[in-house]
Amino acid sequence: MPKGTKAGRPPVWPRRRLIDVIRFRVRTGVPWRDVPVEYGPWGRVYDLFRRWQRNGTWHRILTRLQSLADAKGAITWDLSVDSTVCRAHQHAAGARKEGHLQKEPPGGVFTEPGDHGLGRSRGGFTTKLHLAVEQGSAPVRSTSAAQSDG
């Protein structure tokens, strides 16, 4: 876990509680505004999630957990890859044409390649999802690529 840099009064919402609500939100898929009130204000939780996404903290945590599991022999690096095609929601068609004008940049630390995201196919806007899992069925990596018929 990243260490706090400020000395002084402890925070009103401890980081462990904020991480618990982020895990809850990712596991259940509820909108940010619908997270339970006892976890704290949803805006504070979202800010922590996005800040850690942008500065690479989530990636470092995942890498560290994978390296610890690998050291214990808990990960077998014989990977299985599966793919599927997913249609985008009907509202996805209204996205900005110039993504750089977006108020808040999407994603985190890594820039998405140009062929990732949504593409036009006979079925409408679709994307192809790839998931790599190790033999214990734990996800190791996921990516998406634009799907097109051309």
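Note: hydrogens, waters and symmetry copies are ignored here, and every other heavy atom, side chains too, is used.
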Do other residues, nucleotides or ligands put more than 12 heavy atoms under 6.0 Å from Asp34 CG?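 Check passes, neighbour count above 12.
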How are the rings of Phe49 and Trp58 set to each other: parallel, tilted or perpendicular (split at 30° and 60°)? tilted
I'd like to know whether Thr57 forms a side-chain hydrogen bond (donor to acceptor under 3.5 Å, both in side chains) with Arg60, so could you lay out the CA-CA distance, the side-chain angles of the two residues, the decisive distance to 0.1 Å, and finally the verdict. CA-CA 5 Å; Thr57 300; Arg60 288 192 304 276; 3.1 Å; yes
If the condition is salt bridge (charged side-chain N to carboxylate O under 4.0 Å, His left out), which residues does Arg23 pass it with, not counting sequence neighbours? Asp20
Could you pull out the closest heavy-atom pair between Arg17 and Glu38, with the gap in Å?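 For Arg17 versus Glu38, the nearest heavy atoms are NH1-O, 3.4 Å.
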At their closest point, which heavy atom of Leu18 faces which heavy atom of Tyr39, and how far apart are they?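 For Leu18 and Tyr39, the tightest heavy-atom pair comes out as CD2-O, 4.2 Å.
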With a 4.5 Å cut-off on side-chain heavy atoms, are [Y] and [X] touching?
| X | Y | result |
| --- | --- | --- |
| Val21 | Trp42 | no |
| Val45 | Arg25 | no |
| Val133 | Leu79 | no |

Evaluate side-chain contact (heavy atoms from CB on, under 4.5 Å) for Thr84 paired with Leu129, printing each intermediate quantity in order. CA-CA 5 Å; Thr84 188; Leu129 301 175; 4.3 Å; yes
Can you list the steps and then say if His59 with Thr63 is a side-chain contact (heavy atoms from CB on, under 4.5 Å)? CA-CA 6 Å; His59 180 71; Thr63 304; 3.7 Å; yes
Find the distance between CZ (Arg50) and CH2 (Trp32) and round it off to the nearest 0.5 Å. 10.0 Å
When rounded to the nearest 0.5 angstrom, what is the spacing between NZ in Lys128 and OG in Ser83?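 Lys128 NZ to Ser83 OG: 5.0 Å, rounded to 0.5 Å.
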Partners passing side-chain contact (heavy atoms from CB on, under 4.5 Å) against Ala69 (at least two apart in sequence or in another chain):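 With sequence neighbours excluded, Ala69 shows a side-chain contact (heavy atoms from CB on, under 4.5 Å) to Ala74, Ile75, given in chain and number order.
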Examine [X] and [Y] and state if one hydrophobic cluster contains both, with Ile, Leu, Val, Met, Phe, Trp and Tyr joined whenever side-chain heavy atoms are less than 4.5 Å apart.
| X | Y | answer |
| --- | --- | --- |
| Leu62 | Ile22 | no |
| Val26 | Phe24 | yes |
| Val85 | Val81 | no |

Pair Val35, Tyr46 - check side-chain contact (heavy atoms from CB on, under 4.5 Å), show working. CA-CA 10 Å; Val35 296; Tyr46 176 75; over 6 Å; no
All side chain to side chain donor-acceptor pair (under 3.5 Å) counterparts of Ser80, not counting sequence neighbours: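 For Ser80, no residue satisfies side chain to side chain donor-acceptor pair (under 3.5 Å) once neighbours in sequence are set aside.
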